[in-house]
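Numbers for residues simply follow the sequence, beginning at 1. Start at 1 and go down the list; that is how both ligands and their atoms are numbered. The shown structure was predicted, so the numbers you read here are calculated from the model rather than taken from an experiment.
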Amino acid sequence: MRRLQIQLARDARTSEINIGDGLRRELGSYIRNDERLKPRRVGVISNRRVFALYGRDVMRSLKAAKFSAVEWLMPEGERYKSLRSLERLLTFLAEKSFERSDVVVALGGGVVGDLAGFSAAVYLRGIPLIQLPTSLLAQIDSSVGGKTAVNLPTGKNLVGAFHQPANVLIDVGTLNSLPQRELVAGFCEMTKQALIGSQSLFEQTVAYLRKSPFGARLRATDELEALIAAHCEFKASIVAGDERESTDRLDRSSRKVLNFGHTTAHALEAVTNYRVFRHGEAVGYGLLVAGEISRSLGLLQQEELVALREAVQLCGPLPTAGQLNLNRILRAVKHDKKSLGGEINWVLLEGIGRPKIVSGREINESLLRQSLQTVLKAPTRK
Ligand SMILES: NC(=O)c1ccc[n+]([C@@H]2O[C@H](COP(=O)([O-])OP(=O)(O)OC[C@H]3O[C@@H](n4cnc5c(N)ncnc54)[C@H](O)[C@@H]3O)[C@@H](O)[C@H]2O)c1
C-alpha cells in the first residue's frame with residue numbers, strides 16, 4: 001500500500017493518492033476517515049461492465065460505513081462522454097437531492113472519470129470527487145491532475161473544468177480484468193510518461209514491460225504497485241507545477257509535455273474517424289514518429305531512438321497503419337486542436353526523460369512525411 005499527496009501551490013488544496021490491492025473494499029472507511037468529507041450521500045458513477053465487476057464491493061463498503069449510496073450507470077464508450085450524458089447525470093444528482101457536502105465517486109476508466117469528474121465540478125458549483133480508476137490509463141494518468149471534460153460533436157474534451165479529486169483510490173487488483181487492447185493502450189501511455197519523465201522511470205517501466213508478455217493478465221504485484229506509484233508521482237509533479245496548463249509556458253516542466261506523441265495520435269484518430277485505434281495505440285505510433293523527428297533534428301541519440309522503439313514494441317501489437325493516406329494524415333496534423341495561435345508545438349525529446357517543446361516551423365513537411373512513412377509503413381508492426 002502506497003500513499004502520495006499532491007499539493008497544489010495555488011491555494012494549498014491537497015489531493016491524496018492511495019495505491020494498493022483491494023482498495024475498492026475500503027472506499028467507505030476512506031471517506032469516513034477523511035476529515036474534509038462529511039457526506040450523507042455518495043453517488044457511485046460507473047458503467048455496466050465495470051459496475052458488474054466491482055460495484056458490489058464498492059456499495060458494500062459504503063453501506064458498511066453507514067453512507068446512503070446510490071449508483072448511476074452510463075453506457076460504455078467514448079461517445080457517451082457527452083453533454084447529454086452530463087445532463088442526465090446532473091438531473092440524477094438533483095433528483096436524489098445531493099447537497100454540497102455529498103460525494104461523487106468515479107468508478108471506471110477515463111471516460112467515466114471525465115464525465116463523473118465534470119459533473120462533480122459543476123453540480124451546485126462543485127462538490128467533492130473521489131476517483132476510483134479501474135483502467136491502466138486512468139490509474140497512471142486521467143485520474144490524477146484534476147482535468148475533467150465531455151466531448152462535443154466537433155471534437156474531444158472541448159468542454160470541461162479543472163476539479164481536483166479529494167482522493168484517488170487506485171486499486172491495482174481491478175487491472176486483472178482489463179481487456180488486452182486496453183492494456184496495450186495503457187502501456188503506450190505509460191511509455192509516453194516514462195520517456196518524458198526520467199531515465200529511471202523509463203528503466204523501471206521497460207523492466208516491467210519485459211516481464212509482461214502480451215496476452216498475460218496483470219497481477220497485483222508489489223512491482224506493479226511501485227510502477228503505478230512512480231507514474232502517479234511523475235504526473236502529480238507536473239500538475240503541481242502547472243495545474244491549468246498555462247498557455248504561455250513552453251518549458252520542460254509545463255503540463256504541455258504530457259502531449260508527447262499526441263500530435264500524430266490525434267491525426268491518426270481523426271483520419272480514421274476514431275474507429276481504428278484506441279487512443280493509447282495511436283499514441284504508440286505518435287511516440288515513434290516524435291522519436292524519428294527528434295533523431296533527425298539531432299536532438300536524440302541513435303541508441304536512445306532504438307530504446308524508444310523497443311519500449312513501444314514491448315507494449316504489444318498496434319493496429320496496422322500502413323494503409324493510411326499520408327497526405328490526409330499530414331493535413332490532420334496541421335489542424336491539431338492543440339495548436340496555439342494557428343501554430344503547432346511539437347513535444348520532442350532531447351534525451352530520455354528530457355522533453356523539449358519545438359515550434360512546428362522547425363519541422364518541415366518533408367521531414368514530417370519521411371518520419372511518418374518510416375513509422376507507419378514499417379513492415380514489422382502487427
Ligand atoms: N482527464 C484527463 O487528464 C485525461 C487524461 C487522459 C485521457 N483522458 C480521457 O480518458 C478516456 C480514456 O480512458 P480509458 O482508456 O480508461 O478508456 P475507457 O474509460 O473507455 O475504458 C476502456 C474500456 O475498459 C473498460 N474497463 C475499464 N476498467 C476495466 C476493468 N478493470 N476491467 C474490465 N474492463 C474495464 C471500460 O468499460 C471500457 O470499455 C478518454 O475519454 C480520454 O479523453 C482524460
Side-chain angles (χ1 to χ4, degrees), residues 6 15 21-24 45-55 57-58 73-82 85-86 106-118 120-121 129 131-152 155-165 168 170-190 192-193 217-220 228 231-232 235-236 238-239 242-245 255-256 258-262 265-266 269 274 277-284 337-338:
I6 316 184
S15 242
D21 184 10
L23 292 193
R24 65 185 180 279
I45 314 308
S46 190
N47 70 24
R48 290 185 200 111
R49 180 196 300 267
V50 175
F51 197 78
L53 288 162
Y54 305 112
D57 290 343
V58 165
L73 306 184
M74 66 184 291
E76 202 173 28
E78 180 74 37
R79 71 196 170 100
Y80 294 101
K81 204 179 95 177
S82 63
S85 301
L86 178 72
L107 172 69
V111 166
V112 165
D114 276 8
L115 177 74
F118 191 35
L129 166 70
Q131 293 275 5
L132 212 163
T134 61
S135 71
L136 184 56
L137 175 134
Q139 295 197 352
I140 60 151
D141 184 358
S142 62
S143 66
V144 179
K147 274 191 182 179
T148 72
V150 294
N151 305 324
L152 292 181
K156 277 180 66 174
N157 298 328
L158 291 183
V159 183
F162 290 94
H163 189 60
Q164 292 297 338
V168 185
I170 299 183
D171 182 347
V172 289
T174 62
L175 297 178
N176 187 261
S177 55
L178 207 58
Q180 202 58 53
R181 266 188 90 179
E182 302 303 335
L183 265 185
V184 175
F187 280 146
C188 287
E189 294 276 6
M190 203 176 220
K192 174 207 81 176
Q193 287 195 167
R217 288 201 172 269
L218 277 200
R219 286 189 308 114
I228 289 174
H231 275 271
C232 289
K235 172 99 194 252
I238 295 280
V239 172
D242 184 15
E243 186 191 4
R244 293 185 173 233
E245 193 167 335
R255 200 164 176 163
K256 285 196 197 74
L258 297 170
N259 293 327
F260 181 52
H262 281 61
H266 291 147
E269 290 178 290
Y274 297 89
F277 301 99
R278 297 286 306 137
H279 175 67
E281 293 170 336
V283 167
K337 80 171 162 92
K338 298 271 174 179

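Taken from CZ in Arg48 to CE in Met74, the straight-line distance is 10.0 Å, to the nearest 0.5 Å. The NE2 atom of His262 sits 4.5 Å away from atom NZ of Lys192, with the distance rounded to the nearest 0.5 Å. The distance from the CG atom of Leu129 to the OG1 atom of Thr148 is 8.5 Å, given to the nearest 0.5 Å.
Proximity of Glu78 to Arg278: side-chain heavy atoms (C-beta onward) are nowhere separated by under 4.5 Å. Using a 4.5 Å heavy-atom threshold, the side chains of Gln139 and His231 count as separate. A 4.5 Å side-chain heavy-atom check between Ile170 and Leu23 finds every atom pair outside the cut-off. At least one side-chain heavy atom of Pro133 sits under 4.5 Å from a side-chain heavy atom of Gln131. Counting only heavy atoms from C-beta outward, the side chains of Leu115 and Tyr80 never approach each other to under 4.5 Å.
For atom 22 (C) of ligand 1, the nearest non-hydrogen atom from the set Glu182, Glu78, Lys81 belongs to Glu182. One option in Leu136, Thr134, Leu115, Asn47 has a heavy atom closer to atom 28 (N) of ligand 1 than any other, and that option is Thr134.
Taking every non-hydrogen atom of Glu76 and a distance limit under 4.0 Å, the qualifying atoms of ligand 1 come out as 36 (C), 37 (O), 38 (C), 39 (O). In summary, the atoms of ligand 1 found under 4.0 Å from a heavy atom of Thr174, numbered by their order in the structure, are 30 (C), 31 (N). Residue Leu53 has at least one heavy-atom neighbour below 4.0 Å for each of these atoms of ligand 1: 32 (N), 33 (C). When each atom of ligand 1 is checked for a heavy atom of Tyr54 under 4.0 Å away, the hits are 31 (N).
Only side-chain heavy atoms of Leu137 come within less than 4.0 Å of ligand 1; its backbone N, CA, C and O stay farther off. If you look at Asp114 next to ligand 1, the close heavy atoms, those under 4.0 Å, all belong to the side chain. Residue contacts with ligand 1, taken as heavy atom pairs separated by less than 4.0 Å, involve Val111 via backbone and side-chain atoms alike. Within the 4.0 Å heavy-atom criterion, the part of Asn157 lying near ligand 1 is the side chain and not the backbone. By the criterion of a heavy-atom distance under 4.0 Å, neither the backbone nor the side chain of Leu175 is placed next to ligand 1.
Of all heavy-atom pairs spanning Ser46 and Phe51, the tightest one is OG-N, 3.6 Å. Nearest approach of Cys188 to Gly284, heavy atoms of both residues: SG-CA, 3.8 Å. Closest approach of Leu136 to Leu175, counting heavy atoms only: N-CD2, 3.5 Å. Minimum heavy-atom separation, Gly186 to Ile140: O-CD1, 4.2 Å.
Among protein heavy atoms, atom 21 (O) of ligand 1 sits closest to Gly109 CA, 4.1 Å. Taking atom 5 (C) of ligand 1 as the reference point, the nearest protein heavy-atom neighbour is Ser142 CB, 3.5 Å. For atom 17 (O) of ligand 1, the closest non-hydrogen atom of the protein is Arg278 NH2, 3.3 Å. Here the heavy atom of the protein found nearest to atom 34 (N) of ligand 1 is Arg49 CD, 3.4 Å. Atom 16 (O) of ligand 1 has as its closest protein heavy atom Ser135 OG, 2.5 Å. If you check which protein heavy atom lies closest to atom 10 (O) of ligand 1, you get Gly110 CA, 3.3 Å. At the top of the distance list for atom 3 (O) of ligand 1, counting protein heavy atoms only, stands Lys147 CB, 3.6 Å. Among all protein heavy atoms, the one lying closest to atom 35 (C) of ligand 1 is Leu178 CD1, 3.6 Å.
Counting only N and O atoms by type, the side chains of Tyr54 and Ser177 include a donor and acceptor under 3.5 Å apart.
Residue Glu189 places every heavy atom at 4.0 Å or more from ligand 1. At least one heavy atom of Pro179 sits closer than 4.0 Å to an atom of ligand 1.
Polar contact with ligand 1: present for Ser177 (N/O pair, distance under 3.5 Å).
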